[in-house]
Amino acid sequence: MRNMPGKPTVYDFNALMYCYFKSGNVSFHLLIELYLGMKSFGPAPNASTFNTLCNGMLTFGNLKDSLFIIEEMCGSGFVPSFKILSKLLKKSLQFGSLMDSLCTLEIMLKFGYVPTEPTFNMMICMLGKAGMIHEAYFVFSALFNKGYFFGVHTFNPILWAFCKSNQSYTALQLFYSMKKRGILYNVCSYTALVYGFCREGFQEVALQCLDEMQGNGCKPNVITYTVLIKFFCDNGRIEQAMKILTEMEREGCNPDLLTYNVIIRELCHQGRMSDILEFIQIIDQKGFSPDSYTHAALAGGLLKAGNIGFAYELLSDAVSKSCSMDVALYNIYLHCLCRQNRLKEALTMLDRMIEEGFMPTNVSYNIILDGVCRENGVDEALDLLDHFKWEANWPDVVSFNTVLLHNNSLISQLPGDMYNKRLKPDSLSYGSLITDLCSSGDPRSSAIKRMDEDFVKGSAEV
DNA sequence: GTAGGGTTAG
């Protein structure tokens with residue numbers, strides 16, 4: 001351009017940026033510098049500058065700079081288009097960046113834009129799953145109060161999020177207030193409430209929900225019934241669970257493999273062998289084939305009931321027949337071996353699962369840690385906490401509690417270790433601490449000071 | 001398009 005008269009115009013800058021993005025080899029830093037240079041020394045960026053920059057950044061998945069450019073665009077008095085903001089919102093959601101998506105939505109609302117329904121639903125779902133329930137509800141209300149009406153598919157994820165985080169009464173209040181405002185609920189909405197109340201231990205309220213949904217002409221489905229069966233089973237009320245099973249069949253709703261897996265697990269806990277065999281037969285007769293959850297229900301249930309040998313046989317059979325294994329099944333297998341004081345074999349199995357492409361989880365390592373405490377003592381376990389190859393995981397509060405429970409005289413040392421690793425002691429950790437202090441009778445120990453500090457900071461669990 | 005099942009420390 002040196003050979004041409006005059007200075008480069010804003011169009012030249014825009015074209016340069018456009019071509020630079022197209023070249024594929026992009027330094028975001030350089031582009032931002034270029035933009036800031038234009039801003040300071042001219043030519044002043046125009047709407048096209050912002051669009052080119054934002055689109056280019058988005059193509060390369062650079063959310064942060066895209067959002068920065070949009071903010072700059074607004075700050076310079078330009079109005080971003082619906083299209084570009086919608087694109088930014090979708091990308092933020094694709095990348096799972098909820099904060100960026102919230103910022104983008106805020107900008108959209110400021111200009112009176114409303115996201116498309118699929119994008120909005122995705123946003124609500126993701127916020128709910130990330131436990132950002134209040135944000136989900138806030139976003140929903142912001143649009144609802146402006147007169148935009150999204151249906152039950154948008155609202156159900158909010159209901160579920162409340163019900164999964166022990167706030168089912170809040171969910172119920174919302175349920176009624178939205179019902180008054182015209183939302184027509186479906187079976188998934190009622191199932192959320194049934195789930196929430198069961199989870200918080202209000203099974204009777206859950207049964208009332210079941211009645212109410214039926215009264216409103218909404219038939220419970222296999223998921224609704226399985227939720228009820230699951231929570232009755234978890235409370236050991238297997239006869240109640242069987243009643244629900246009978247009722248669902250009478251209503252013409254067929255149980256599926258999930259339903260049976262839940263029941264089998266509790267039957268194993270209760271050691272009801274003949275019933276277990278009966279249900280395995282039913283599964284077979286109905287044409288289902290047992291899956292990895294069935295095996296986990298059986299082996300995990302038997303192990304928990306103390307039937308270690310049987311659980312072990314079942315899993316080693318599954319491994320040798322190369323049934324579909326997964327990490328949870330391997331973990332139960334490791335647990336069986338450790339409970340039989342076969343730590344060496346457990347360690348071999350840990351290697352084998354890695355070889356077969358199953359990444360051990362914290363659960364796997366904590367099971368091994370427990371095995372080490374049992375067989376080789378706490379000193380070696382402590383060594384493991386520091387030097388074990390934990391793959392992508394780190395010792396967590398369960399790891400520390402495992403060691404503590406094997407030797408709680410370590411308590412004055414371990415909270416410090418946990419603190420250094422930014423782990424918050426839980427009620428089990430403090431339980432060990434209190435037990436230890438009661439038996440040692442030493443009020444000046446460093447441990448009690450730590451606990452005191454934690455209570456003052458409000459970070460200790462009651 | 002939303003929803004249900006298995007694995008670790010007392």
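Chain identifiers are assigned alphabetically (A, B, ...) following the order of the sequence lines, protein sequences preceding nucleic acid strands; residue numbering begins at 1 within each chain.
Residue side chain A/D326 reaches the base of B/dG6 through a donor-acceptor N/O pair under 3.5 Å, judged by distance alone.
Sorted by first and then second residue, the pairs that involve residues 332-341 of chain A and meet side-chain hydrogen bond (donor to acceptor under 3.5 Å, both in side chains), not counting sequence neighbours, are A/Q340-A/R342. Within the structure, no pair that satisfies the salt bridge (Lys or Arg N to Asp or Glu O under 4.0 Å) test touches residues 112-135 of chain A, not counting sequence neighbours. Evaluation of the ring-ring contact (aromatic ring centres under 6.0 Å, His included) test over residues 111-137 of chain A, restricted to residues two or more places apart or in two chains, returns A/F82-A/Y113, A/F120-A/F150, A/H134-A/F162. Residue pairs meeting the side-chain hydrogen bond (donor to acceptor under 3.5 Å, both in side chains) criterion with at least one partner in residues 99-111 of chain A, sequence neighbours excluded, are A/K64-A/D100, A/S97-A/D100. Listed by first then second residue, pairs satisfying ring-ring contact (aromatic ring centres under 6.0 Å, His included) with a partner in residues 213-245 of chain A read A/Y195-A/F231, not counting sequence neighbours.
In the set B/dG6, B/dA9, B/dG4, B/dG6 carries the atom at the smallest distance from any side-chain atom of A/K230. Out of B/dG4, B/dG6, B/dT7, the shortest distance to the side chain of A/Y293 is found at B/dG6. Checking B/dA3, B/dT8, B/dG4 against every side-chain atom of A/K304, the shortest atom distance belongs to B/dT8.
A/L428 places its CG atom 14 Å from the P atom of B/dT8, with the value rounded to the nearest Å. Per the geometry, CG belonging to A/L303 stands 7 Å off P belonging to B/dT8, to the nearest Å. Distance CD1 (A/I263) to P (B/dG6): 13 Å, rounded to an integer number of Å. The CG atom of A/N156 sits 12 Å away from the P atom of B/dG4 (whole-angstrom rounding). In this structure, the CD1 atom of A/I280 is 15 Å from the C1' atom of B/dG6, given to the nearest Å. Protein atom CG of A/L257 is 13 Å distant from nucleotide atom P of B/dG6, rounded to whole Å. Atom CD1 in A/I158 sits about 13 Å away from atom P in B/dA3, given to the nearest Å. Whole-Å rounding puts the A/Y260 OH to B/dG4 C1' distance at 15 Å.
Under the 4.0 Å criterion applied to side-chain N and carboxylate O atoms, A/E356 and A/R352 are assigned as salt-bridge partners. Taking the charged nitrogens against the carboxylate oxygens, A/D234 and A/R199 have no contact shorter than 4.0 Å, which rules out a salt bridge.
Residue A/R265 places at least one side-chain N or O under 4.0 Å from the OP1 or OP2 atom of B/dT7. For A/K164 and B/dA3, the shortest distance from a side-chain N or O to OP1 or OP2 is not below 4.0 Å.
With contacts defined as side-chain heavy-atom distances shorter than 4.5 Å, the pair A/M213/A/L210 qualifies.
With sequence neighbours left out, A/R272 forms a salt bridge (Lys or Arg N to Asp or Glu O under 4.0 Å) with A/E239, A/D275. Contacts of A/E380 classified as salt bridge (Lys or Arg N to Asp or Glu O under 4.0 Å), with partners at least two apart in sequence or in another chain: none. For A/F310, the ring pair (Phe, Tyr, Trp, His ring centres under 6.0 Å) criterion is met by no residue, not counting sequence neighbours.
A/F197 and A/C209 make their closest contact through CD1-SG, 3.8 Å (heavy atoms, listed as atom of the first residue, atom of the second, distance).
For DNA chain B, the residues of residues 327-340 of chain A within the heavy-atom distance limit of 4.0 Å (strictly under) are A/A328, A/L329, A/N331, A/I332, A/H335, sorted by number. Residues from residues 345-352 of chain A lying near DNA chain B, meaning a heavy-atom separation below 4.0 Å, are absent. Shown for residues 173-196 of chain A: residues whose heavy atoms fall under 4.0 angstrom of DNA chain B, namely A/N186, A/C188, A/T191.
If you check every strand for non-hydrogen atoms under 4.0 Å, A/V398 touches a base. Residue A/S292 is classed as a base contact, given a heavy-atom separation below 4.0 Å to a base. Nucleic acid contact class of A/T226 (heavy atoms, under 4.0 Å, all strands): base. Counting any heavy atom pair closer than 4.0 Å across all strands shown, A/D396 reaches no nucleic acid atom.
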Would you mind writing out the side-chain donor-acceptor pairs for residues 294-302 of chain A within the sub-3.5 Å range, not counting sequence neighbours?
residue	atom	partner	partner atom	Å
A/T294	OG1	A/N261	OD1	2.8
A/T294	OG1	A/D291	N	2.9
A/T294	OG1	A/D291	O	3.4
A/T294	OG1	A/D291	OD1	2.8
A/H295	ND1	A/D291	O	3.3

